[in-house]
Amino acid sequence: MTLRLHNTLTGKKEEFKPVEADHVRMYTCGPTVWNYAHVGNLRAFLFYDLVRRHLRVSGYRVTHVMNLTDIDDRILDQAMHAGTTITEYVKPYAQAFFEDMATLRAEHVEHYPRATEHIAEMVDMISTLLQNGNAYIADGDVYFRIASFPKYGELSHLDRAGLKAGARVATDKYDKESVSDFALWKKSQPGDEKIGASWDAPFGRGRPGWHIECSAMSKRYLGATLDIHAGGVDLMFPHHENEIAQSEAANHAPFARVWLHSEHLADATGEKMSKSAGGFTTLRDLVAAGHDPLAVRLFLMANAHYRSRVRLSQEALHASAEQVRRLREFADRVNRATLTDADHAGLVDRTADVRAAYREALDDDLNLPQGLGLVFDHLREANAALDAGRFGPLNKTALLGLIDDVDAHLDVIRAEEPGLADEVERLIAERESARKSRDFARADRIRDELRERGIALEDSREGVRWRRVAPTAAERS
RNA sequence: GGCGACGUAGCCAAGUGGUAAGGCAGAGGUCUGCAAAACCUCCAUCCCCAGUUCGAUUCUGGGCGUCGCCUCCA
């Protein structure tokens, strides 16, 4: 069982081997905090979460860095219009990002560096590039000289000729040597000082270009060579390509050994969800519409393989919610099961098989959808054994193990429920006494009442159970 | 114009050279005071055409369709 990952650099699945045997250094492109993250962004972030969780399952120690881009053209524009500084402007969105990640149960990563707090590192790297002849100053701006880096285009498999033939390469309004040279440093513009977007540098006062932050910050926290660098497919070109050029030209070392790119989330019409295009959905929108964040998590992470496009839809979200419900229902059932002396031996064996197969699916380029399919298939057999009363201690142990394995990635099963409110408990007791006296009308009234408040009751041999469900339509309107 | 991906049941989706996981939705049952949950049963021949092969959904070529990147973007 070895972990294999699809490396964009080679276009193939490769056995994963970090530089240091038991330690993985991973850098992932985080949010630009100029607005709320939309669910497409969140898909990428949850993909990172899947990667880091599975690396840990695989026995690695992980040092994971996710940057926050807190300076870029959009932020500058917005801060300018709002009449505030970029630092102030960005605050609520950075906070919202962390809230969203917490809501979606993404693990905290080791470092969340912000671009504006690492200007010194960027200035250093730009200086090096200038000294090495990989960069030049033109009219106060500093550009990377692509002609000095022959490997340029290797990641995105775009050749220079293709770039030039591109219909929409920016017109040469700057004094660049080549149209595709990109900015490392932009000289201060009139309004920049007022919004706090200007810094001193040996090559003139200004602000960093977009790409340099990732090169500088990854080096600062992880060193010159990363084991894994991940991001959305749209970052492949030019962002990641530029990172490679800057880092390798400055460090004279390979930048990232494995590149992972997650596919887009499409909106309901099938088009890429994009902030600039207007229509996009945030986590807050979905929650406000009554969707369970855990269902959103499962949908984004496991509805489809990370390298295939998915379309956001009510049906798919509902299907994910049902899957969460079934998994939790099952875990609960296993925990409460009345055990028999004899185990169901066949089931014990098959649970072990499924655990192994699940692990293999994840090891095969993180195929969580396939792994989950195996698990659901097995749930049926396990539930049948539970129904039949053939369920012993080994069965329980094995199945709890499987649940743990799955939840190591999904983290939707054992997410703690809010405590049982006293009032709910009282109403359940009340309903029980009504049922005993065969006053079913009253019993049903109580159950309906709770249902409207988002609590479903279920009667079973082991007694009454309750669980949280989406509030009914009557409740929401 | 260049590069690339995808097209599997009503919907989402995994997958393999030997006649296609799983989930949602739907139908019929078992169980239940009624429900719910759970279980049982049913529900596809994999866009089209040609080729390779004993055999292709899976390989090759062509076609049609959808989408992405080449520009800020997860």
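Residue numbers begin at 1 in each chain, while the letters A, B, ... track the order of the sequences.
- Rounded to whole Å, atom C1' of B:A36 lies 14 Å from atom CD1 of A:I428.
- At whole-Å resolution of the value, NE2 in A:H6 and P in B:G4 are 13 Å apart.
- Partners of A:R53 by side-chain hydrogen bond (donor to acceptor under 3.5 Å, both in side chains), not counting sequence neighbours, listed by chain and number: A:D49, A:D411.
- In this structure, A:H318 has no ring-ring contact (aromatic ring centres under 6.0 Å, His included) partners at least two apart in sequence or on a different chain.
- For A:R309, taking side-chain heavy atoms from C-beta onward, the closest of the listed nucleotides B:G4, B:C72, B:A37 is B:G4.
- Contacts of A:T28 classified as side-chain hydrogen bond (donor to acceptor under 3.5 Å, both in side chains), with partners at least two apart in sequence or in another chain: A:H64.
- Rounded to whole Å, the separation between the C1' atoms of B:A21 and B:U30 comes to 26 Å.
- With a cut-off of 3.5 Å on both Watson-Crick or G-U wobble distances, the partner of B:C59 is given as B:G51.
- Of the P atoms belonging to B:G62 and B:A5, the separation is 14 Å, rounded to the nearest Å.
- Considering only the side chain of A:C29, B:A74 comes nearest among B:U71, B:A74, B:A25.
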Polar-atom pairs under 3.5 Å, protein N or O versus N or O of nucleotides 18-22 of chain B: list them with distances, or write none.
unit_1, atom_1, unit_2, atom_2, d
B:G22, OP1, A:R380, NH2, 3.4

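- For A:T32 and B:A74, the shortest distance from a side-chain N or O to OP1 or OP2 is below 4.0 Å.
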Under-3.5 Å N/O pairs linking protein and nucleotides 29-33 of chain B:
unit_1, atom_1, unit_2, atom_2, d
B:G33, O6, A:R435, NE, 3.2
B:G33, N1, A:D444, OD1, 3.4
B:G33, N2, A:D444, OD2, 3.0

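- A donor-acceptor contact closer than 3.5 angstrom links the side chains of A:D285 and A:T282.
- Along RNA chain B, the nucleotide nearest A:F299 and the nucleotide nearest A:A384 are compared for position; the residue whose nucleotide lies closer to the 5' end is A:F299.
- Across all strands shown, B:A44 has no partner, as no Watson-Crick or G-U wobble contact with both distances under 3.5 Å is found.
- Of the nucleotides present, none pairs with B:A21 by Watson-Crick or G-U wobble criteria with both distances under 3.5 Å.
- B:C69 is paired with B:G2 under the criterion used here, namely a Watson-Crick or G-U wobble arrangement in which both key atom distances are under 3.5 Å.
- Every salt bridge (charged side-chain N to carboxylate O under 4.0 Å, His left out) that A:D387 has, sequence neighbours left out, goes to A:R333.
- Across the protein-nucleic acid pair, A:L265 atom CG and B:A5 atom P stand 21 Å apart, rounded to whole Å.
- Taking a cutoff of 4.0 Å between a charged side-chain nitrogen and a carboxylate oxygen, A:R284 and A:E99 qualify as a salt bridge.
- At distances below 3.5 Å, not a single donor-acceptor pair connects side-chain atoms of A:E14 with backbone N or O atoms of A:N7.
- Taking atom P on both nucleotides, B:C24 is separated from B:U41 by 15 Å, rounded to a whole Å.
- Taking 4.0 angstrom as the limit, A:S308 places a side-chain polar atom (N or O) nearer than this to OP1 or OP2 of B:A14.
- A distance-only check finds a donor-acceptor pair linking the side chain of A:H118 to the backbone of A:R114 [under 3.5 Å].
- Other residues, nucleotides and ligands contribute at most 12 non-hydrogen atoms within 6.0 Å of the CZ atom of A:R390.
- Taking atom CD on A:E263 and atom P on B:A13, their separation rounds to 12 Å, with Å as the unit.
- Residue-level contact check: A:A304 touches the backbone only, with heavy atoms under 4.0 Å from sugar-phosphate atoms and none from bases.
- A:L386 comes within 4.0 angstrom of nothing in the nucleic acid, heavy atoms only.
- Taking 4.0 angstrom as the limit, A:N367 places none of its side-chain polar atoms (N or O) nearer than this to OP1 or OP2 of B:A14.
- For A:D70, there are no salt bridge (charged side-chain N to carboxylate O under 4.0 Å, His left out) partners, not counting sequence neighbours.
- Here the P atom of nucleotide B:U66 and the NE2 atom of A:H264 are 19 Å apart, to the nearest Å.
- B:A25 and B:C42 have their C1' atoms separated by 14 Å, with the value rounded to a whole Å.
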Which atom pairs, one a donor and one an acceptor, fall under 3.5 Å between side chains of residues 228-240 of chain A and the rest of the protein, sequence neighbours left out?
unit_1, atom_1, unit_2, atom_2, d
A:H239, ND1, A:H211, ND1, 2.9
A:H239, NE2, A:E243, OE2, 2.8
A:H240, ND1, A:E243, OE2, 3.2

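- We find that CD of A:E154 is positioned 19 Å from P of B:C3, with the value rounded to whole Å.
- Using atom P as the reference point in both B:U58 and B:A9, the two lie 15 Å apart (nearest Å).
- Nucleotides B:U8 and B:C48 place their P atoms 11 Å apart, quoted to the nearest Å.
- A:N242 has its CG atom 11 Å from the P atom of B:U71, to the nearest Å.
- Look at the C1' atom in both B:C69 and B:A74: the space between them is 14 Å, to the nearest Å.
- Comparing B:G23 with B:G18, their P atoms sit 24 Å apart, to the nearest whole Å.
- Within 4.0 Å of A:H239, counting heavy atoms only, lies no atom of the nucleic acid at all.
- Rounding to whole angstrom units, CD of residue A:E360 and C1' of B:A14 are separated by 15 Å.
- Under the ring-ring contact (aromatic ring centres under 6.0 Å, His included) criterion, A:F45 pairs with A:Y48, A:F97, not counting sequence neighbours.
- In this structure, the nucleotide among B:C69, B:A38, B:A74 sitting nearest to the side chain of A:Y48 is B:A74.
- Contact annotation for A:G231: backbone-only contact, meaning every heavy-atom pair under 4.0 Å involves sugar-phosphate atoms and none involves a base.
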